[in-house]
Student: 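First, the structure itself, so that you have it in front of you.
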Amino acid sequence: MKRLNTILIYVFVILAMLWILFPFYWLTCISFMNLGELAMKPPKFIPSLNLINYIQVIFGGAIGSTTSFKVSGTGVTEIRSILPTMLNSVLIGLSVAGLTVALACPAGFAYARFEFRLKRASFYSMFAVRILPTILLVIPLFTIFRSLKMINTHLGLTLAHLILTLPFATWIFMDYINALPKELEEAALIDGATYFQAFWRIVLRASLPGVLSVALFAFLTSWGEFLFALTLTNQLTIPPVLLSYISSQNAEYTQFAAAAVLSIIPPVVLATVFQKYLIRGLTGALKA
Amino acid sequence: MKIGVLTMPKFSQNFFLLLCLITPAVVFVLGMCIFPAIWSVFLSLCRYDFRRGLPVFIGLGNYLKILKSPTFPKSLFVTLNYAVFTTLLSSLIGLGLALLFNQRFRGRSLIRGLLVIPWAVPWVVSAFLWASIFSSDFGILNAILYKLGIINDYVVFLSKDFAIYAVAIATSWNLSSLTAILCLAALQSIPESLYEAAAIDGATTLEIFKNITFPWVRPIWSLTIILNAFTAVTMFDMIYLMTAGGPGEATLTLPIYSFRTFFLEMRIGEGAAIANIASLLGLIVALIYFRIFYRRIEI
């Protein structure tokens with residue numbers, strides 16, 4: 001009976017791992033194929049290690065010069081290198097993370113430690129707005145950004161992403177401060193520090209893991225955000241650029257797969273390495 | 001004003017500090033959201049005059065037009081269908097994964113680490129991952145079934161009848177990950193002594209699950225159900241990227257419908273009106289959320 005139990009557990013663990021990892025297997029396979037191999041019925045389940053798609057995606061260049069020559073209306077399609085886009089994504093992700101920390105951490109601290117009028121009202125209204133579907137914000141933001149000439153700017157997209165990150169980040173950080181003993185600041189206050197000093201030197205230092213989880217959460221949100229990037233910019237960050245590979249005339253699936261593999265490396269690595277902080281932040285805030 | 005146990009003497013100075021801490025975030029979020037939200041309500045009450053580039057107030061005309069169009073009830077049904085299926089699937093799989101990964105087995109901590117991966121993958125990539133599984137041209141699902149001799153020719157999975165479920169499965173892959181992470185965290189916090197006591201009482205596995213494990217994980221699980229429902233109701237990325245609302249109007253949920261009307265057909269007022277109706281659905285889910293969890297949030 002116990003043995004059967006153990007076997008069942010392992011069977012289910014294998015199924016669970018398949019559910020989580022199998023989609024990546026096929027994406028990786030496609031990234032090594034050319035269009036001819038992709039169209040085979042049935043395909044090769046273990047493709048040869050052909051890095052041409054990665055080279056094209058990283059360095060740019062003409063598609064199809066080696067394997068499948070495709071001629072479109074304008075001739076051979078030039079593929080853009082994904083590196084400048086990656087750089088944009090990193091820059092915007094970092095600015096979003098930085099600004100989220102700068103705005104959400106003080107607010108989260110104040111919500112955790114201060115009593116004031118409109119505390120609940122302002123806290124809940126911040127969430128109420130986050131409850132609006134992104135599509136509802138896109139339409140007015142698009143018209144507003146257009147009149148402010150902020151379409152297709154780093155600043156515009158960064159600000160748009162901040163709407164998505166701030167409320168939840170505030171919540172995460174508030175929860176973190178709540179878990180810290182009040183005696184920390186009180187001791188500093190008694191020693192004659194001003195409240196600002198107490199916050200800056202004592203609380204912020206003690207809550208560095210909280211800051212890290214806020215920053216990570218913000219970076220990951222910005223990295224993957226699609227709708228704002230699609231509508232408010234002209235393919236500034238990775239998600240809309242990925243879309244442009246498959247929606248272009250030649251539907252470069254194999255190059256797309258290579259670009260997609262490259263684009264998930266940073267978030268997957270960050271999330272796996274720092275998952276302790278992420279999970280602590282997420283569970284803490286949601287359990288509150 | 002009280003801070004901690006110390007009552008600060010200089011009220012004005014603290015008030016200033018408070019302002020510095022809190023205003024930037026709150027003002028930013030409210031400014032960037034409330035103004036646009038009001039603006040979109042206004043837009044939905046207008047006809048856009050492209051010649052002069054100005055919205056012209058026309059009252060409820062856009063809403064009447066949408067409610068009368070045959071697409072709207074279809075779209076509403078598709079949205080609900082998708083949302084219900086996604087919510088059920090992701091919440092059940094998520095809970096299942098959490099319960100499974102709470103068992104003892106070799107390599108547990110390593111395998112648990114995998115849970116965070118689907119969550120970290122951007123929607124664009126998850127959409128393509130699953131599109132490449134279901135594709136009728138190069139889908140691995142077709143390839144496997146073909147190789148095994150179950151089908152004679154490739155099947156169109158993203159068809160009129162099945163596409164919405166395919167997208168729902170894909171969405172659930174992503175959502176079940178966060179559900180599992182949160183539920184697993186709750187499961188791990190169950191004190192060992194409870195299980196020991198149950199073992200002494202000679203409780204069966206089922207009894208332990210019913211009386212200890214499930215009640216312990218239920219609050220956080222119901223929270224994730226609501227979160228998943230909310231994500232599903234307002235989902236744009238996954239559906240747009242996998243099927244763009246097609247084939248035909250088979251996966252045209254309200255957010256996609258709104259996007260199509262506004263950005264592709266350039267019917268500004270109607271697009272805004274659909275977006276407003278769509279956010280009503282999200283609002284209903286959110287209200288349920290606060291109704292259930294209002295007391296749990298201590299701020």
Side-chain angles (χ1 to χ4, degrees), chain A residues 9-10 12-13 16 20 23 26-27 30 38 42-43 103-104 106-107 109-111 113-116 120 122-123 125-126 129 131-137 139-141 163 166-167 170 182 185-186 189 195-196 220 223-224 226-227 239 242-243 260 264 267-268 271-272 275 279 283 286-288, chain B residues 2-6 17-18 21-22 24-26 28-30 32-34 36-37 39-40 97 100 103 105 111 113-114 116-118 120-125 128-130 132-133 138 140 143 146-147 181-182 185 220 223 234 236-237 255 258-259 262 271-272 275 278-279 282-283 286 297 299:
Chain A
I9 286 179
Y10 279 99
F12 277 113
V13 166
I20 296 172
W26 192 234
L27 181 77
I30 293 177
L38 187 64
L103 295 180
F109 172 73
Y111 277 119
R113 288 291 197 255
F114 285 73
E115 282 305 327
F116 53 93
R120 273 171 177 270
S122 61
F123 187 76
S125 56
M126 246 194 354
V129 291
I131 277 161
L132 303 172
T134 330
I135 184 78
L136 185 84
L137 296 177
I139 291 175
L141 274 184
I163 307 175
L166 272 184
T170 306
K182 275 190 183 143
E185 307 121 74
E186 280 161 11
L189 290 179
Y195 213 83
F196 182 75
L220 292 178
W223 185 271
F226 171 68
L227 187 53
L242 284 181
L243 178 68
I264 58 175
V268 166
T272 327
Q275 64 175 296
I279 292 174
T283 49
L286 289 173
K287 261 196 302 197
Chain B
K2 259 184 108 178
I3 302 167
V5 289
L6 300 172
L17 175 69
L18 183 66
L21 291 174
I22 237 164
V26 175
F28 178 81
V29 172
L30 295 188
M32 290 287 273
C33 288
I34 287 190
W39 181 243
S40 92
L97 285 174
L100 179 65
Q103 307 293 320
F105 55 87
I111 292 173
L114 298 177
V116 79
I117 292 178
V121 169
W123 289 109
V124 190
V125 179
F128 185 76
L129 287 177
W130 286 88
S132 69
I133 285 174
F138 53 87
I140 182 91
Y146 184 80
K147 185 90 176 173
I181 292 171
L182 295 174
I220 191 80
L223 174 74
T234 56
F236 174 84
D237 301 9
S258 162
F259 181 85
F262 185 91
S279 39
L283 220 62
I297 302 171
I299 66 165

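Residue numbering restarts at 1 for every chain, and letters A, B, ... go by the order of the sequence lines. Quick caveat: nothing in here was measured; it's all calculated off a predicted structure.
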Student: Heavy-atom distances under 4.5 Å only: say whether F12(A) touches chain B with side chain, backbone, both or neither.
Tutor: both
Student: Which heavy-atom pair separates A271(A) from V116(B) by the least distance, and what is that distance?
Tutor: O-CG1, 3.8 Å
Student: Measure F28(B) against the heavy atoms of chain A and call it side chain, backbone, both or neither at under 4.5 Å.
Tutor: side chain
Student: Write down the atom of L100(B), the atom of I9(A), and the distance for their closest heavy-atom approach.
Tutor: CD1-O, 4.0 Å
Student: Taking all non-hydrogen atoms of both residues, which atom of L242(A) and which atom of V125(B) are closest, and how far apart?
Tutor: CD1-CG2, 3.9 Å
Student: Measure the spacing between CD1 of I264(A) and CZ of F128(B) and express it to the nearest 0.5 Å.
Tutor: 11.5 Å
Student: Under 4.5 Å, counting heavy-atom pairs only, tell me which of G113(B), P24(B), S258(B) racks up the most with chain A.
Tutor: G113(B)
Student: Please report the closest heavy-atom contact between L103(A) and A25(B), naming both atoms and the distance.
Tutor: O-CB, 3.6 Å
Student: Under 4.5 Å from any heavy atom of chain B, what part of I20(A) do you find: side chain, backbone, both or neither?
Tutor: both
Student: Please flag which part of F105(B) lies under 4.5 Å from any non-hydrogen atom of chain A: side chain, backbone, both or neither.
Tutor: both
Student: ring-ring contact (aromatic ring centres under 6.0 Å, His included) with W123(B): which residues, sequence neighbours excluded?
Tutor: none
Student: Nearest heavy-atom pair of P23(A) and W130(B): which atoms, and what distance?
Tutor: CG-CZ2, 3.8 Å
Student: Given side chains that start at C-beta, do those of P267(A) and V121(B) come closer than 4.5 Å, heavy atoms only?
Tutor: no
Student: Measure L220(A) against the heavy atoms of chain B and call it side chain, backbone, both or neither at under 4.5 Å.
Tutor: side chain
Student: Looking at CG of L227(A) and CG of D237(B), how far apart are the two atoms once the value is rounded to the nearest 0.5 Å?
Tutor: 6.0 Å
Student: Given a strict heavy-atom distance threshold of 4.5 Å, which part of L114(B) is in contact with chain A: side chain, backbone, both, or neither?
Tutor: both
Student: Output the option from I30(A), V13(A), I279(A), L27(A) having the highest count of non-hydrogen pairs under 4.5 Å with chain B.
Tutor: V13(A)
